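Some notes on the structure that comes next.
One-based numbering, in listed order, for ligands and for the atoms of each. Just so it is clear, the model here is predicted, and its values are computed rather than measured.
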Amino acid sequence: METIIAVEGIRKYYKVAKRDRGMRAAIGQLFNRKYEVKKAVDDISFMIGRGEIVGFIGPNGAGKSTTIKMLSGILYPDAGSVEIDGFVPYKQRKQYVKNIGVVFGQKSQLNWDLPLIESFELMKFIYKIPQEQYEENLKLFSELLDMEPFLRQPVRQLSLGQRMRGDIVAALLHSPELVFLDEPTIGLDVVAKEKIREFIRYMNKTRKTTIIFTTHDMQDIEKVCDRLIIIDKGKKIYDGSIDEIKNKYTNFKTIEILLENGGKETETFDIRVTPMNSVLQKLFAEKHIKDISICEPEIDGIIRDIYEGRLLLDSPAMEGTGV
Ligand SMILES: Nc1ncnc2c1ncn2[C@@H]1O[C@H](COP(=O)(O)OP(=O)(O)O)[C@@H](O)[C@H]1O
Ligand SMILES: [Mg+2]
């Protein structure tokens with residue numbers, strides 16, 4: 001596969017003013033500000049092939065948005081390099097943006113006072129989109145995203161889900177080859193999320209658009225991408241397929257216990273470390289059990305356990321799995 005994105009050792013450190021509480025501290029800080037360094041992105045590298053669809057996940061504050069900002073040329077990395085389709089985004093921003101589409105779910109690019117369709121017209125003008133291409137894309141996208149009913153409404157009257165669909169279309173009207181979507185499903189209901197997922201998949205399948213998106217919704221990833229990059233505290237902690245991560249944890253089982261007193265408990269363990277029979281013996285000896293069921297952990301649970309440090313991707317139990 002031809003490489004479209006090459007990211008090598010990028011870092012972004014923010015200097016943030018330290019704040020102490022209280023009047024005296026406030027006055028003191030006027031003259032003698034103390035700073036802390038926040039390592040938002042701390043030495044991340046990866047390659048992405050043309051036509052791939054990659055999900056970036058990580059807990060809040062992991063560094064996802066900062067990474068996307070460096071890839072889309074909004075921020076300059078403090079160290080490392082980014083090369084995308086022959087461009088260095090933060091150096092050749094003007095030419096580069098013609099090739100990309102960017103959506104920040106938390107911050108709309110649409111004009112609040114204008115009807116949605118007029119924001120689209122504005123995009124046509126800015127990107128010099130040929131009339132034919134514009135019409136074709138607009139028709140297709142509004143069908144796929146069910147936008148016809150609210151195209152002529154001012155953006156401020158739209159629901160979050162409608163607005164988000166508008167933002168996505170605005171970013172794609174010029175048919176970019178590469179699209180960055182930063183939390184495009186945040187705060188949306190299940191139906192709106194599903195529409196957006198289908199749309200993302202469609203664009204990737206039919207137009208071979210390369211798509212990078214961030215989310216903290218595991219369903220987004222499971223339903224949309226083959227590849228997953230997990231980042232936490234500014235570091236990349238996993239890069240591989242969803243199937244791989246599931247396979248890694250096939251030795252993990254979750255036991256759901258229904259107690260005589262009606263209580264419920266769940267426990268997850270690694271059968272190579274604690275064999276099933278010893279787990280069961282221990283449980284039956286210690287608790288009054290009414291019913292028990294054994295299941296494979298869900299991908300959401302696995303990811304949550306990784307974030308919270310209960311499962312390590314490179315723990316000894318993972319040996320031989322090729323992490
Ligand atoms: N402009 C900024 N100034 C200072 N700190 C920032 C700034 N932007 C982000 N951060 C901090 O950097 C870290 C990573 O932020 P971000 O990339 O937005 O994470 P994510 O998108 O994964 O939630 C967070 O701790 C955040 O508070
Ligand atoms: Mg973010």
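Of the heavy atoms in N60, both backbone and side-chain atoms come closer than 4.0 Å to ligand 1. The proximity of K64 to ligand 1, defined as any non-hydrogen pair under 4.0 Å, involves the side chain as well as the backbone.
Under a cut-off of 6.0 angstrom, the local environment of CE in M276 is crowded, with over 12 non-hydrogen atoms contributed by other residues, nucleotides or ligands.
No salt bridge links D42 with K233; every basic N to acidic carboxylate O contact stays at or beyond 4.0 Å.
The Mg ion (ligand 2) has an N, O or S atom of S65 inside 2.8 Å of it.
A heavy-atom distance below 4.5 Å is not found between the side chains of V155 and L114. Counting heavy atoms from C-beta outward, F104 and I68 have side chains that approach closer than 4.5 Å. Residues M203 and V179 have side chains not in contact (no heavy-atom distance under 4.5 Å, counting atoms from C-beta outward).
The nearest protein atom to atom 18 (O) of ligand 1, hydrogens excluded, is given as S65 CB, 3.7 Å; this is a heavy-atom distance. The protein non-hydrogen atom at the shortest distance from atom 9 (C) of ligand 1 is Y14 CE1, 3.4 Å.
Ligand 1 places these atoms under 4.0 Å from at least one heavy atom of V16: 4 (C), 5 (N).
How far CD of E121 is from CD1 of I129: 9.5 Å, rounded to the nearest 0.5 Å.
When the options G63, G234, A40, G61 are ranked by their closest heavy atom to atom 23 (O) of ligand 1, first place goes to G61.
In this structure, atom 26 (C) of ligand 1 is not in close contact with the protein, since no protein heavy atom lies within 4.0 Å of it.
Figure legend: cation-pi geometry between K64 and F56 absent, as NZ or CZ is not positioned both under 6.0 Å from the six-membered ring centre and within 45° of its axis.
Residue T66 places at least one N or O, backbone or side chain, under 3.5 Å from an N or O of ligand 1.
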